[in-house]
Amino acid sequence: MNSTLLLVITESGKADMLMSIAKQAGSTGGTVLNARGTASSSLLCALGLGDSHKEILLTLVSDEVKDQVFAALSHAPHAKGLISAIPTMLTEQGRDATEGWDLVNIICPTGYGDDIMAAARKAGAGGGTIVEGRGTAKEDDIAFFGSTLVAEKELVLILLKKGLADRVLSAVSNLPCMQQKGSGIAFTVSVQAFTSLGA
Amino acid sequence: MELLKKLKEVGSSIVPILVLVALMHFFWIPLEEGMLSSFLIGGILIIVGLAFFLLGTDIGLLPIGERIGSASVRTKNLLVLLSTGLIVGIVIILAEPNITVLQEQVASVNPSISTTLMVIMIALGVGIYLMISLLRVVFHIPLKWIYLGSYTLLFLLAAFTSQEMLGIAFDSGGAATGPLAVPFIMAIGLGVARVQKKQEESDNFGYVSLALIGPTLALIVLGLFSKESGTTLLTTVSTPVAGNFLSLVEASVSQVVRSLIPLILLCVVYQLVLLKMPIGQLIRVAVGFVYVFLGLTLFFVGVNGGFIPVGYQIGYAIGTLDSRLLLLAGLVIGSITVLSEPSVWVLIDQVQDITQGHIRKSIMLVALAIGVGLSGFLAMLRVITGLSIWYFVLPVYAIAVLLSFRIPTLFVGLAFDSGSVSSGPMASTFILSFAIGSSVAVGGNPTTDAFGVIIFVSMTPVVIVQLLGLLYKHKQAKLAAQKGRT
């Protein structure tokens with residue numbers, strides 16, 4: 001049985017409410033991440049006024065109830081944000097579609113997220129969402145008095161119309177701060193369905 | 001938008017004081033002509049100032065502090081990490097506006113003490129204790145043992161030190177953990193904890209409260225070597241004047257600029273040598289510093305022009321009415337003013353983040369309000385009776401250290417830290433001037449009876465938050481028992 005990953009980005013504090021709606025519609029559970037939304041305006045971003053605390057809700061649902069959950073979430077009251085459905089198995093249709101949306105994922109060292117967003121905006125992106133994370137240990141792990149040190153990472157999520165994604169990716173990879181080897185990775189995922197919440 | 005949200009948050013915590021004082025003015029104790037309006041203007045300046053300050057710490061102070069912390073660990077060189085602790089500790093004290101205020105207060109009360117030597121000792125104390133905090137995290141030493149050792153040493157030495165140094169020593173710890181030092185020191189700690197794979201929630205706390213012990217110990221040691229000066233302490237206190245916001249702007253600007261310059265220099269050096277952040281990030285941090293500057297300036301103008309004189313007036317008025325009413329007033333004022341401490345908001349934000357929302361903001365706020373309310377009550381008791389500070393400080397800290405062996409480790413550092421952050425600029429201005437005013441009214445000696453109120457504010461929340469931890473532990477145990485049965 002195929003499943004679909006629903007990715008909801010919403011205001012801070014709203015994810016729990018959305019999860020209970022998703023549960024009523026047939027989802028079995030989910031994960032909530034804390035994230036930081038970046039402004040869609042370069043000026044607001046530079047002034048530091050555009051940031052907002054966001055929550056990301058990830059829930060994996062089977063394809064039978066997918067549409068049900070998606071509809072329930074997109075009609076949820078009092079929540080602003082966006083919702084996208086990402087198939088876990090690539091279908092022919094998903095691969096070849098020229099219309100629709102892509103989710104660009106960029107994993108970079110902590111602190112680079114804002115520079116990446118600035119470049120992405122220049123290439124045509126709107127806003128983005130930054131999630132904090134840590135790299136899992138490699139074999140040549142560095143130890144410091146008994147505790148292993150890990151790399152701090154940021155995950156930048158940008159939803160884009162198909163066609164824009166390539167431009168954004170090349171703009172980001174041409175950034176001066178991304179030239180060093182091992183600076184990060186970037187990839188796109190095709191999104192099956194997408195809608196704005198509370199618009 | 002984040003700024004509007006902060007305005008709303010901060011506004012809802014300051015408006016109660018404004019309403020309380022306005023109600024008192026109309027129904028009970030009329031303030032002097034024009035006092036109420038300058039109090040309200042001061043309140044608005046404080047709200048706007050705090051909102052900008054918090055925004056600035058969010059995008060400027062906290063990120064760069066965290067980067068400095070994690071970059072130092074990443075060098076894998078213990079020497080680099082320790083010297084970062086020492087240097088940051090010293091620079092942050094030179095920058096802390098609270099310390100400048102304390103320096104002026106001490107100089108006006110007791111000219112025989114060299115304030116330069118005092119500030120050097122405070123800076124060294126904070127630097128050394130920041131080093132100890134970092135060592136503690138690297139070698140996984142439980143906080144409770146460090147508290148036990150430090151407070152035992154502190155009280156042993158305090159028995160031998162000169163009495164006039166004692167009050168200043170206790171208050172210097174509270175002053176050292178002011179609005180600039182708290183977020184920066186906490187950020188360093190977060191950064192250090194973040195790069196470790198085995199992260200423990202409790203590793204994030206404890207830095208601020210250890211930074212409070214450092215200067216106290218350092219000054220007590222200084223007191224061991226200085227002889228009793230024998231000079232009579234000044235007992236007259238000049239009455240502060242309200243209004244005059246414009247003339248205060250210049251003083252506040254120069255004070256805040258003087259504070260920020262050493263800190264900015266420190267950040268520049270680290271950026272060039274160790275951090276090498278990309279340009280977008282740098283601009284953000286720089287903008288953050290501008291907001292911090294704006295916020296602190298507005299805050300100090302509001303506090304000096306509105307809150308200090310009105311606090312003094314209210315204390316004086318209630319004291320002349322009936323001294324027993326002071327106890328009630330202390331309780332109410334204490335519990336309400338802690339909500340307007342800038343650093344308190346930084347701490348509870350981080351608590352909610354680090355515990356993933358298990359310890360909610362509202363719970364922490366209520367606990368702190370109860371704690372500082374009790375402090376206000378005890379401080380007023382001391383103003384009325386003139387009892388020695390020892391009767392209060394010794395038992396409360398003894399209880400606090402003992403309790404730390406009975407509660408979850410996370411709460412140990414958290415409790416001591418919340419105590420330290422409660423005594424910010426609000427305590428050293430509004431509550432202190434209220435205490436001075438009431439002490440003058442009941443005919444006591446303000447230098448011995450009113451000073452020391454800052455340490456009161458920073459000790460009761462420790463016990464209250466620890467009791468919260470005890471409650472949390474019982475609740476968890478009950479939940480586990482229920483799960484076991486089903």
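Only heavy atoms go into these numbers, but all of them, side chains included; no hydrogens, no water, no symmetry mates. Order of the sequence lines fixes the chain letters, A, B, ..., with proteins taken first and strands second; residue numbering starts at 1 for each chain. Nothing here was measured: the structure is a model prediction, and the numbers come from that model.
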#### Entry: Pairs of heavy atoms under 4.5 Å with chain A: top-ranked of B:Pro63, B:Gly56, B:Ser70
B:Ser70
### Task
Give, for atom CD of B:Gln281 and atom CG of A:Asp114, the distance between the pair rounded to the nearest 0.5 Å.
5.5 Å
## Note on the structure
Okay, B:Pro278 and chain A: the region with an atom under 4.5 Å from a heavy atom over there is both
## Note on the structure
For A:Asp115 and B:Ile279, the nearest pair of non-hydrogen atoms, with its separation, is OD2-N, 3.5 Å
### Interchain contact, B:Leu275 with chain A, by part (heavy-atom threshold 4.5 Å)
neither
### Query
Do B:Glu66 and A:Thr110 come within less than 4.5 Å of each other through their side chains, counting heavy atoms only?
no
### Message
Atom NZ of residue position B:Lys361 - does it have more than 12 heavy atoms of other residues, nucleotides or ligands inside 6.0 Å?
### Response
yes
### Query
Does any non-hydrogen side-chain atom of B:Asp58 lie less than 4.5 Å from one of A:Arg36?
no
